[in-house]
Amino acid sequence: MTARALFRASTARRALVAGLAVCSLGLAGAQEAQYPNAPIRIVVPYPAGGGTDTIARTLGAKLLESWGQTVIVDNKPGASGVIGNDFVAKAVPDGHTVLLAITAIVQLPAMKKLPYDVMKDLRPIAQAASTNSAFVVPASTPVSTLKEFIALVKANKVKADFGSYGVGTSSHIQGSLLNQQAGLELTHVPYKGAAPLLQDLKGGQLTSAFIDIATLRPHVDSFKVLAVTGAQRNRVLPNVPTFAELGFHSFEPVGWFGLFMPAAVPAPIATKFAAEVERILKLPDVVARIEGLGMVPGNAAGEDFAHLVRADAHVYARIIKDANITLD
């Protein structure tokens, strides 16, 4: 082949590549422009009526206002959220099926076998809200700081136990972490939900517990709050120190509510949905609604939220392994 022929072939190849790139960009633009073109289903892997459900319905109402498409909140409870998570992981990746999950989605893989891979089968879209957890004791406990509580337990002057929402929940993981770092042997007492846990803690049948601040807020005057999780203090409890301030580590992750789509959803659609959620979460009535639940509106979307998901998964996997927490 002559030099001129080679030049022509090379030019043709470059033109073809450029043409394909333009077509690809055009297709991506068309996908974004047409989305959504069908009802959006927000899958909540927990029963109706809880905080996750409330956030989903709040977002759904605003998405309907924005885009004029019906938004269905589909509660699919069961197996600690696995049923709903799996449904979305295997859904058609067109952006019309969305998962609203909680932190458990990155904790479960370290405790049991799952029918999906969180990191491969689901795409993090945006954080919708977050809430710290608080370490609390009955109001009658003769301590005012975490250091004093630890000393009281080590002196065998109080029954050594802590309550949680159940085996493998964030409160169980946090209690196990406190045991490891404080040199305690608090016995884990799992409950089925917040109501019985709060009742026993108020009555003094339980020595301590980790409770998310959204749940604790209406009952906060009934307890002494000794520390909170998170990198910063919680605005609801500004006088309560974080575990990090008290010299503990790995308590920085907080509970969050996050939106996910099937991993293969086109990037323009994921980006469009995330941007709209970010806009909605800044609306005054939505901020008031979420803060009224004792939560903080989400502040991470796209790759920022994906980074948070990966980082939290890494921290929890290590804690769970060290504490030998399993669900199988």
Side-chain angles (χ1 to χ4, degrees), residues 103 107 130-191 193-256 293-296 312 315-316 319-320 322-323 325:
T103 322
Q107 298 167 340
S130 65
T131 179
N132 306 61
S133 289
F135 182 65
V136 301
V137 298
S140 59
T141 308
V143 300
S144 57
T145 66
L146 181 58
K147 183 178 180 180
E148 291 174 356
F149 174 78
I150 292 170
L152 195 70
V153 173
K154 289 184 175 180
N156 296 315
K157 293 182 179 180
V158 67
K159 185 175 64 172
D161 59 25
F162 77 93
S164 80
Y165 299 137
V167 175
T169 58
S170 289
S171 48
H172 179 195
I173 295 168
Q174 290 156 352
S176 299
L177 183 60
L178 179 61
N179 269 344
Q180 294 170 19
Q181 295 191 16
L184 298 177
E185 294 183 2
L186 299 175
T187 301
H188 176 221
V189 183
Y191 285 79
L197 186 156
L198 287 167
Q199 183 176 349
D200 279 4
L201 194 61
K202 282 182 183 179
Q205 288 85 23
L206 189 64
T207 304
S208 63
F210 277 88
I211 302 173
D212 68 275
I213 290 176
T215 299
L216 177 66
R217 190 176 183 181
H219 312 275
V220 69
D221 292 337
S222 301
F223 306 106
K224 290 180 179 178
V225 185
L226 304 183
V228 296
T229 63
Q232 293 88 32
R233 294 191 181 195
N234 185 275
R235 63 175 187 80
V236 175
L237 301 166
N239 297 321
V240 179
T242 64
F243 279 94
E245 288 179 73
L246 299 176
F248 296 87
H249 64 83
S250 301
F251 283 93
E252 289 78 14
V254 298
W256 44 254
L293 295 170
M295 303 176 190
V296 178
D312 282 6
V315 172
Y316 286 123
I319 298 169
I320 289 164
D322 290 345
I325 299 172

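From a predicted model like this one, the values you see are computed outputs, not experimental measurements.
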Nearest non-hydrogen partners of Ser164 and Leu197, listed with the distance
O-CD1, 3.3 Å
Ser222 side chain to Lys202 backbone, donor-acceptor under 3.5 Å:
no
One should read off an interatomic distance between Gln180 CD and Asp322 CG, to the nearest 0.5 angstrom, of 5.5 Å
Of the non-hydrogen atoms in Ile213 and Ala134, which two are nearest, and what is the gap between them?
CG1-CB, 4.2 Å
As a test of understanding, state which of Val254, Val240, Asp212 forms a side chain to side chain contact (heavy atoms under 4.5 Å, CB included) with Asn132.
Val254
Tell me, with the steps shown, if Ser144 and Glu148 meet side chain to side chain donor-acceptor pair (under 3.5 Å).
CA-CA 7 Å; Ser144 57; Glu148 291 174 356; 3.1 Å; yes
Going by the rule ring pair (Phe, Tyr, Trp, His ring centres under 6.0 Å), which residues pair with Phe149 if we only count those two or more places apart in sequence or in a different chain?
Phe135
Validation row: Thr207, Leu186 side chains within 4.5 angstrom (heavy atoms):
no
Say you draw a straight line from NZ of Lys224 to CG of Leu146; how long is it, rounded to the nearest 0.5 Å?
13.5 Å
Got a sec, which residues hit ring pair (Phe, Tyr, Trp, His ring centres under 6.0 Å) with Tyr316, two or more places apart in sequence or on another chain?
none
To the closest 0.5 Å, what do you measure between CG (Leu206) and OG1 (Thr187)?
10.5 Å
Residues which pass salt bridge (Lys or Arg N to Asp or Glu O under 4.0 Å) with Lys159, listed by chain and number, not counting sequence neighbours
Asp161
Gap between atom OG of Ser208 and atom CG of Leu226 - 0.5 Å precision
9.0 Å
Within the 4.5 Å heavy-atom criterion, are Phe243 and Gln181 side-chain neighbours or not?
no
Can you list the residues that meet the ring pair (Phe, Tyr, Trp, His ring centres under 6.0 Å) rule with His188, with sequence neighbours excluded?
Phe162, His172
Heavy-atom check, side chain of Leu177 versus side chain of Phe251, under 4.5 Å:
yes
Is any side-chain heavy atom of Ser250 closer than 4.5 Å to a side-chain heavy atom of Ile319?
yes
Judged by atom type as modelled, is there a donor-acceptor pair below 3.5 Å linking the side chain of Ser133 to the main-chain atoms of Phe210?
no
For the residue pair Lys147 and Leu246, establish whether any side-chain heavy-atom pair is separated by less than 4.5 Å.
no
Got more than 12 heavy atoms from elsewhere within 6.0 Å of CD, Gln205?
yes
Go through the structure and list residues passing ring pair (Phe, Tyr, Trp, His ring centres under 6.0 Å) with Tyr191, not counting sequence neighbours.
none
Take Ile211 and Leu201 through the side-chain contact (heavy atoms from CB on, under 4.5 Å) test and state the conclusion after the steps.
CA-CA 11 Å; Ile211 302 173; Leu201 194 61; 4.0 Å; yes
Closest non-hydrogen atom pair between Ile150 and Ala182, with its separation
CD1-CB, 3.7 Å
What closest approach, in Å, do Thr131 and Gly294 show between heavy atoms, and which atom pair accounts for it?
OG1-O, 3.8 Å
Thr242 and Gln232: side-chain contact (heavy atoms from CB on, under 4.5 Å), yes or no, with the steps?
CA-CA 7 Å; Thr242 64; Gln232 293 88 32; 5.6 Å; no
Going by heavy atoms in the side chains, are Val225 and Leu216 under 4.5 Å from each other?
yes
Does any non-hydrogen side-chain atom of Leu178 lie less than 4.5 Å from one of Phe248?
yes
Find the distance between OG1 (Thr215) and CG (Leu293) and round it off to the nearest 0.5 Å.
10.0 Å
Sorted by chain and number, sequence neighbours left out, salt bridge (Lys or Arg N to Asp or Glu O under 4.0 Å) with Glu245 holds for Arg233
